[in-house]
Amino acid sequence: MTLRPATPARQRLLAAADELFYARGINATGIDAIVARAGVALATCYKHFGSKDDLVAAYLAERDEQWRAEWETAIAAAEEPLLALFDALERWWNGSGRRRGCAHVAASVELADRDHPALAVVAEHKRHLLRRLTDLAAETGHPEPAEVASDLLVIYEGTLSALLLDVTPDPFAQARRLTRARLQR
């Protein structure tokens with residue numbers, strides 16, 4: 001008999017949501033599958049998350065927290081802080097086995113209801129990327145930090161697409177090259 005780890009039900013639900021929503025898609029994954037994977041009762045799920053929509057928003061917020069921590073670790077270790085975005089992305093891509101692209105973008109495509117609470121989480125995730133890049137560009141003394149940040153966000157999003165579609169041999173090297181070129185302007 002395999003014993004289930006002694007983690008709180010909420011964390012098990014979030015872990016199951018992360019695994020299943022990312023692998024199968026939000027619309028294709030029912031609450032019953034998440035509850036079964038988490039090993040909790042349906043009532044427990046609704047106690048922690050009032051609805052599937054709230055669970056989706058919490059799942060995306062949790063991924064955002066994980067990504068921010070990964071990126072901040074890369075920034076702290078980087079000689080070139082603006083390039084740390086791609087260091088973090090490369091570690092995330094290669095280390096986590098998450099090869100379906102950005103969960104936040106996938107969610108925004110899947111969720112037809114533009115008032116879905118998860119879309120606010122998606123928007124904040126992308127706004128944070130832009131704010132943090134702007135801060136890093138300012139800290140490194142770039143004369144146009146907001147413009148640089150916006151350009152780097154486009155490079156980042158393009159890198160995610162290139163990785164997902166496997167259309168270039170080394171999207172990470174390409175992203176770093178494009179970023180260096182942009183920073184020299």
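Small disclaimer: the values here were computed from a predicted structure and weren't measured.
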Where the side chain of [X] meets the backbone of [Y], is there a donor-acceptor pair that is under 3.5 Å apart?
{"X": "S108", "Y": "V105", "value": "yes"}
{"X": "H104", "Y": "L60", "value": "yes"}
{"X": "E70", "Y": "W92", "value": "no"}
{"X": "S150", "Y": "A146", "value": "no"}
{"X": "K126", "Y": "V121", "value": "no"}
{"X": "T44", "Y": "V40", "value": "no"}

So, [X] and [Y], do they make that salt bridge, N to O below 4.0 Å?
{"X": "R68", "Y": "D64", "answer": "yes"}
{"X": "R132", "Y": "E72", "answer": "yes"}
{"X": "R182", "Y": "E147", "answer": "yes"}

Rounded to the nearest 0.5 Å, how far does [atom2] of [Y] lie from [atom1] of [X]?
{"X": "L14", "Y": "L55", "atom1": "CG", "atom2": "CG", "result": "6.5 Å"}
{"X": "T29", "Y": "Y59", "atom1": "OG1", "atom2": "OH", "result": "9.0 Å"}
{"X": "L13", "Y": "R37", "atom1": "CG", "atom2": "CZ", "result": "12.5 Å"}
{"X": "L85", "Y": "E80", "atom1": "CG", "atom2": "CD", "result": "13.0 Å"}

Are R63 and Y22 in a cation-pi contact, defined as NZ or CZ under 6.0 Å from the six-membered ring centre and within 45° of the axis? yes
Does the side chain of [Y] come within less than 4.5 Å of [X]'s, by heavy atoms?
{"X": "F21", "Y": "K52", "answer": "yes"}
{"X": "R127", "Y": "L130", "answer": "no"}
{"X": "L133", "Y": "Y156", "answer": "no"}
{"X": "Q174", "Y": "T179", "answer": "no"}

Could you tell me which residues satisfy side-chain hydrogen bond (donor to acceptor under 3.5 Å, both in side chains) with R114, sequence neighbours excluded, listed by chain and number? none
Holding to ring-ring contact (aromatic ring centres under 6.0 Å, His included), I want the full list of residues that pass it with F86, two or more places apart in sequence or in another chain. none
